[in-house]
Amino acid sequence: MAAIAETEVVYTRSELMVIAASRALHDGDVVFVGIGLPNLACNLAKRLHAPSLQMVYEAGVFGANPERQALSIGDPCLVAGAASVCSLADIFLFYLQRGLIDVGFLGGAQVDRHGNINTTVIGDYAHPTVRLPGSGGASEIAALARRVYIIGRQSKRSFVERVSFVTSPGHCPGGGRPPGAPGGGPHLAMTDLGVYDFDGSGEMRVRSLHPGVTADDVRASTGWPITVPAGIGSTPPPTPEELRILREELDPHGYYLKA
Amino acid sequence: MSKVTDLRSAVAAHVHDGDVVVMEGFTHLIPFAAAHEIIRQGRRDLTLVRLTPDVIYDQLIGAGCCRKLVFSWAGNPGIGSLHAFRRAVDDGTLEIEEYSHFGLAMRFFAGAANLPFMPMRNYFGSDLPAANPLIRPVASPYGDELLYAVPAIRPDVAILHAQRADEDGNVQVWGLTGIQREAAFASARLIVTVEEIVPREVVRSDPNRTMIPGLIVSAVCPVPFGAHPSYALGYYDRDNDFYVRWEAVSRDAAALDGWLHEWVIETPTRESYLDKIGRARLDALRPEPHYSQPVNYGRYR
């Protein structure tokens, strides 16, 4: 019976995080892709329900169609078969600032209750306790993409009340974007515990919990008293086809989703 | 007039202590051979500018060439951290000036276009302008819109690697072109290392592919595999094992010193570096050919 077969599917919560992100992508979306988990989510969506999804890479690629998994943000596999290759300035000016990007994926060492993201420093800027890589293209993706999807593993260290440095701005307390920012800001967050969205006051709340995860698990891994609305559902588990593509075609060596 | 010269002479003539230097190439075509020559010639107090400092600047920082770093993302792409960079920041020996990719790209754009600044729709609600006072709000003179601006940058010298050029220095690049064109036009001097020098007719048969005219090139140097361990599209793939192994080398200051001594100081030319790596390993990085369809430019006379 199908229902029984489905319960026998063994998967990790990190795999479900990527699969949930892929399901949140629509056919036809123009997506600003980062390396690693977003790359997996986009390629998975493209192979299943979103064949006309367009992948954009900051290195200067529109409509990438790679034959292998990109190992870096400027991997040679992104070039052949792409619809267009242009300069990095063109990507930021004419695609992102022009308003052509539907979804931008972001992750970071710290995410806070309003979807602000920190990839710059932990602690004081001049004398940090941890120096992180910095913005890259994240700050402008946060300012300009129609919808920002946040993806990454969740813990009390990564889901904090207030980030120590706002690299990429989220929503203002009380709701709304920072004045001047044209993009819609954080729309969803996908972690290894659940899927999150943002309420009218710009605050993150639980949208669905992954199977086996309780509201208390989420509270224990969140640095602020997060809202868990009554009656929320469970994230549908991976289908065998989603898992097969993810494991056999997209991450066969387990670079990103090693159990 | 031919602009072809050897890399040693080009670096000696055009890179000076205290210069502002940009060595671009976004993952693709990173000019490693030129960086090693700068290390060998012992340049000091450089201000190094680059969106992604990458392993190339980790080496220059580790070798003591760099006083200040201007950047927008400092990691070992797809692998982890740049430890020489992080040590120098922790020790307080390296001054940093930090942007986002868009911001630093627009600094080159403004410099290349001879404008004082570029406005952009970015940095609203971000802490980056507080961390870097050169990122400033600016009001539109044509309405009530608020924007942010970044100042032009005009480096003393840009250094790039490319697939090919003719002897006049007309440089052709295909695949990812990053911010090289803007960095080249922004800079006072320009050194380009190339996989090969080709006849003028080859360049002129496909002028759309010429990213940089010889007009702004100071020196062009034939340096096959000059971007290893990064890649040159159509010539060789990224040597990903090198990037993976750099993590352990750069984590330990003594190991980094040892690496620089063995692979840069005591390996004085690119040819000897390639021999030391081994031709079999380099051959394994070569992709099978995959040609574009020719286009018809037409003949008008």
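The chains referred to below are lettered A, B, ... by the order of the sequence lines, with proteins before strands, and numbering in each begins at 1.
Among the candidates A:G136, A:A143, A:G74, A:P178, the residue making the largest number of heavy-atom pairs closer than 4.5 Å to chain B is A:G136. Residue with the most contacts toward chain B among A:L96, A:L93, A:L78: A:L93 (heavy-atom pairs, distance under 4.5 Å). When each of A:G134, A:G36, A:S72 is scored by its heavy-atom pairs under 4.5 Å with chain B, the top score falls to A:S72. Of the listed residues (A:R177, A:E140, A:E58), the one with the most heavy-atom contacts under 4.5 Å to chain B is A:E140. Counting heavy-atom pairs closer than 4.5 Å to chain B, the top residue among A:G183, A:A181, A:P128 is A:A181.
With a threshold of 4.5 angstrom between heavy atoms, A:V166 approaches chain B through its backbone and through its side chain. Heavy-atom distances place both the backbone and the side chain of A:P76 under 4.5 Å from chain B. With a threshold of 4.5 angstrom between heavy atoms, B:F71 approaches chain A through side-chain atoms but not through N, CA, C or O. Using a 4.5 Å cut-off between heavy atoms, A:Y125 touches chain B through its side chain atoms alone. Only the side chain of A:L144 comes within contact range of chain B, with heavy atoms under 4.5 Å apart. For a residue to count as touching a neighbouring chain, one of its non-hydrogen atoms must lie under 4.5 Å from one of that chain's; by this rule B:L104 does not touch chain A. Contacts between A:I91 and chain B at a heavy-atom distance below 4.5 Å are absent for every atom of the residue. At a 4.5 Å heavy-atom cutoff, the contact between A:C86 and chain B is made by backbone atoms alone. The part of B:L51 that comes within reach of chain A is its side chain, from C-beta onward, which places non-hydrogen atoms under 4.5 angstrom from that chain. With a threshold of 4.5 angstrom between heavy atoms, B:R121 approaches chain A through its backbone and through its side chain.
The aromatic rings of B:F242 and B:F32 stand perpendicular to each other, their planes meeting at an angle above 60°, with 30° marking the opposite boundary. The aromatic rings of B:F26 and B:H101 stand perpendicular to each other, their planes meeting at an angle above 60°, with 30° marking the opposite boundary.
Residue A:F92 forms a ring pair (Phe, Tyr, Trp, His ring centres under 6.0 Å) with just one option from B:F108, B:Y99, B:F102, and that option is B:F102. When each of A:T167, A:N118, A:N116 is paired with A:Q110, the side-chain hydrogen bond (donor to acceptor under 3.5 Å, both in side chains) condition holds for A:N118 and for no other.
Proximity of the aromatic rings of A:F105 and A:Y149 is defined here by a centroid distance below 6.0 angstrom, and this criterion is met.
For B:E195 and B:H161, the side-chain atoms include at least one donor-acceptor pair closer than 3.5 Å. When only modelled atom types and interatomic distance are considered, B:E247 and B:N76 share no side-chain donor-acceptor pair under 3.5 Å. Under 3.5 Å, the side chains of A:Y57 and A:D75 contain no donor-acceptor pair of N or O atoms.
Inspection of non-hydrogen atoms places B:L128, B:A131 of residues 128-139 of chain B under 4.5 Å from chain A.
Judged purely by atom type and a 3.5 angstrom limit, B:Y57 uses its side chain to pair as donor or acceptor with the backbone of B:M23. Between the side chain of A:D192 and the backbone N or O of A:Q154 there is at least one donor-acceptor pair closer than 3.5 Å.
Using a 4.0 Å cut-off between charged nitrogen and carboxylate oxygen, B:D283 and B:R286 count as a salt-bridge pair.
Residues A:S87 and B:F109 are not in side-chain contact: their nearest non-hydrogen atoms beyond the backbone lie 4.5 Å or more apart.
Counting heavy-atom neighbours within 6.0 Å of A:R247 CZ, excluding the residue itself, gives a total above 12.
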